[in-house]
Amino acid sequence: MKKGKVDVLLGLQWGDEGKGKVVDVLTPHYDVVARFQGGPNAGHTLEFEGQKYVLRSIPSGIFQGDKINIIGNGVVLAPDLFMDEARALEASGHDLKGRLYISKKAHLIMPTHRVLDAAYEAQKGKNRVGTTGKGIGPTYTDKVSRTGLRVGDILENFEAKYAAAKARHEAILRSLAFDYDIADVERRWMEGIDYLRQFTIVDSEHVINGLLREGKNVLCEGAQGTMLDVDFGSYPFVTSSNTICAGACSGLGIGPNRIGEVYGIMKAYCTRVGAGPFPTELFDDTGRRIRDLGHEYGAVTGRERRCGWIDLVALRYSIMVNGVTQLIMMKSDVLDQFDTIKACVAYRHNGQVIKDFPYNIEDDIEPVYEELPGWRTDMTRFTSEAQFPQAFKDYISFLEAQLETPITIISIGPDREQTIVR
């Protein structure tokens with residue numbers, strides 16, 4: 001019997017690389033699309049047929065009508081935000097019932113988790129991480145401390161379980177002397193719980209492995225980016241889950257021997273949202289120009305993204321820890337108007353030039369750049385690689401040589417049609 005394959009798609013930078021669009025482009029080659037970590041702090045933006053969609057928790061394969069979509073056990077889910085997202089999709093003609101499965105083992109983001117998020121950030125003062133305030137960190141904290149609520153809990157004796165978890169949170173908030181009022185949010189949240197019960201709630205690890213035995217192909221969709229991984233990112237300015245390829249195994253219940261291709265997504269430059277170190281960040285007109293040309297504002301939060309040149313030290317590290325087999329470069333068209341393009345090939349750290357990503361990038365890190373000529377060509381209407389200007393071809397070759405990994409897909413605009421497969 002033919003066994004199905006599992007490929008993984010994830011971000012290699014600090015998130016916002018354009019994963020949603022690529023999942024949508026690749027979905028026709030798969031039977032199943034599964035989210036394996038993260039929560040509604042991550043927005044995946046897709047544009048096609050004149051419409052723009054932002055997905056927070058629902059996998060980006062939902063627009064392909066015959067595909068199964070799975071929210072895995074590694075995801076944290078806010079019922080009220082999920083309800084808003086799903087209803088908006090249904091209103092636009094995308095029916096989810098029957099083809100969206102939700103893991104019983106996915107943890108629930110409670111209203112008090114959001115309050116705890118705000119309280120912990122306030123307590124940190126100038127050392128705050130810059131969270132989105134969606135309650136992601138406190139939810140994962142409850143998960144590892146073995147006190148969390150899971151989706152499967154809504155099927156039996158839920159009210160008592162919820163009351164006990166809420167009481168634990170309220171005791172912490174009293175100790176922090178943090179004022180809050182969740183009455184309105186809680187009413188909407190409970191409405192979201194009732195809505196969630198309408199969906200197919202499953203033991204997702206059994207479902208996915210059963211589909212693989214049937215010969216079905218699975219695309220695992222990551223959220224955020226490698227440099228936000230709780231173990232390998234720029235700690236402590238990271239998210240609370242494993243955003244790397246290994247997270248697909250623990251976040252879906254898939255054996256590592258199942259993993260085939262690992263698609264690593266990167267921008268032709270680099271961005272970051274929130275606090276934390278960013279070696280190639282630009283504070284000048286060039287940085288502002290990249291932000292404006294790239295429309296670099298958070299899909300969920302609307303926050304301005306910090307912008308800078310591409311960081312090949314961080315990318316080499318991300319490729320290594322993920323075992324990336326193919327690179328996908330997004331937003332190449334944003335650099336169409338620049339005379340000179342810079343790429344960070346090393347760091348100057350404590351008086352030495354280093355090419356390996358160090359333990360700490362907060363202090364005394366200076367990027368070492370190589371400069372390449374820009375292509376000064378509008379590529380947004382191109383339909384094949386043959387149309388690329390030579391300077392852009394040289395930029396691709398330079399990156400492939402530096403990263404020792406092929407760039408197989410190039411995005412030259414937000415629409416699904418603006419995608420060149422090499």
Side-chain angles (χ1 to χ4, degrees), residues 3-10 19 23 26-27 30-40 42 44 55-62 64 66-79 81-83 85-86 89 95-109 136 139-140 142-144 146 148-156 158 161 192-193 195-224 240-260:
K3 290 186 178 180
K5 68 172 183 175
V6 179
D7 294 338
V8 180
L9 181 145
L10 40 77
K19 295 176 288 295
V23 172
L26 292 177
T27 293
Y30 297 88
D31 304 293
V32 182
V33 178
R35 270 281 302 270
F36 64 83
Q37 48 75 224
H44 291 183
L55 301 179
R56 295 169 173 81
S57 299
I58 296 171
S60 300
I62 204 69
Q64 313 279 355
D66 59 341
K67 309 299 181 181
I68 294 171
N69 287 260
I70 297 174
I71 296 176
N73 58 276
V75 174
V76 290
L77 195 65
L81 301 181
F82 169 80
M83 176 178 64
E85 183 180 345
L89 288 172
D95 182 36
L96 311 182
K97 304 286 189 346
R99 56 194 187 91
L100 176 62
Y101 299 167
I102 302 170
S103 175
K104 290 180 183 177
K105 293 182 174 67
H107 278 247
L108 293 170
I109 303 172
I136 309 297
T139 305
Y140 277 113
D142 276 4
K143 177 177 179 175
V144 298
R146 304 180 297 279
L149 281 181
R150 300 186 292 177
V151 170
D153 290 326
I154 72 176
L155 304 177
E156 185 178 357
F158 178 66
K161 296 172 184 175
I193 290 290
Y195 182 78
L196 197 56
R197 291 189 177 108
Q198 301 174 32
F199 285 80
T200 306
I201 297 173
V202 298
D203 293 304
S204 57
E205 64 275 29
H206 292 299
V207 170
I208 290 176
N209 283 286
L211 290 165
L212 287 169
R213 283 193 295 273
E214 294 172 15
K216 304 295 185 184
N217 296 327
V218 178
L219 179 62
C220 305
E221 177 183 11
Q224 289 100 22
S240 304
S241 61
N242 284 118
T243 61
I244 63 171
C245 185
C249 297
S250 59
L252 291 170
I254 293 172
N257 63 327
R258 293 283 201 179
I259 304 297

Worksheet, complete the sentence: When every non-hydrogen atom of V6 is compared with those of C220, the smallest separation belongs to CG1-SG, 3.5 Å
Item to complete: Locate the shortest heavy-atom distance separating G255 from C249; write the atom from each residue and the value.
Response: C-SG, 4.2 Å
Worksheet entry | D31 and I68: CA distance, side-chain angles, deciding distance, side-chain contact (heavy atoms from CB on, under 4.5 Å) verdict | CA-CA 6 Å; D31 304 293; I68 294 171; over 6 Å; no
Worksheet item: What pair of heavy atoms forms the shortest contact from S241 to Q224, and how long is it?
Response: OG-OE1, 4.3 Å
Worksheet item: Taking all atoms of both residues into account, what is the closest heavy-atom pair of V23 and G61, and its distance?
Response: CG1-N, 3.9 Å
Item to complete: Using a 4.5 Å cut-off on heavy atoms from C-beta on, say whether the side chain of I193 contacts that of L108.
Response: yes
Fill in: NZ-CG distance between K105 and L252, expressed to the nearest 0.5 angstrom
12.5 Å
Fill in: CD1 on I244 to CZ on F36, rounded to 0.5 Å
9.0 Å
Worksheet entry | Short side-chain to backbone donor-acceptor contact, N73 and S103, under 3.5 Å | no
Worksheet item: Considering all heavy atoms of both residues, which atom of F82 and which atom of I102 are nearest to each other, and what is their separation?
Response: CZ-CD1, 3.9 Å
Discussion item. Quick check: do N69 and R99 have side-chain heavy atoms less than 4.5 Å from each other?
Written reply: yes
Fill in: K19 side chain to E221 backbone, donor-acceptor under 3.5 Å
no
Worksheet item: Under the 3.5 angstrom rule, does the side chain of N217 hit a backbone N or O of G4 as a donor-acceptor pair?
Response: no
Discussion item. Main chain of E156, side chain of K161: is a donor-acceptor contact present, judged purely on distance under 3.5 Å?
Written reply: yes
Fill in: Separation between OG1 of T27 and CG of L9, rounded to the nearest 0.5 Å
9.0 Å
Response to the item:
In short, side chain to side chain donor-acceptor pair (under 3.5 Å) pairs touching residues 242-253 with sequence neighbours left out are D229-N242, D231-N242
Worksheet item: Does a side-chain heavy-atom distance below 4.5 Å link L81 with S57?
Response: no
Fill in: Exam field: side chain E85 to backbone R56, donor-acceptor pair closer than 3.5 Å
yes
Fill in: Distance (rounded to the nearest 0.5 Å) between R35 CZ and L77 CG
9.5 Å
Discussion item. Tell me whether D142 contacts the main-chain N or O of T139 through its side chain, where contact means a donor paired with an acceptor under 3.5 Å.
Written reply: no
Worksheet item: Between I70 and P59, which heavy-atom pair has the shortest distance, and what is it?
Response: O-CG, 3.4 Å
Practice prompt. Find out whether Y101 and S204 are in side-chain contact, i.e. whether some heavy atom of one side chain is under 4.5 Å from a heavy atom of the other.
Written response: no
Worksheet entry | Value rounded to 0.5 Å, distance of CG in L55 from OG in S60 | 5.0 Å
Expected list for residues 196-203: side-chain donor-acceptor pairs under 3.5 angstrom, two or more places apart:
from, atom 1, to, atom 2, distance (Å)
R197, NE, I154, O, 2.9
R197, NH1, D194, OD1, 2.7
R197, NH2, I154, O, 3.1

Response to the item:
Here the gap from I58 atom CD1 to L100 atom CG, rounded to the nearest 0.5 Å, amounts to 6.0 Å
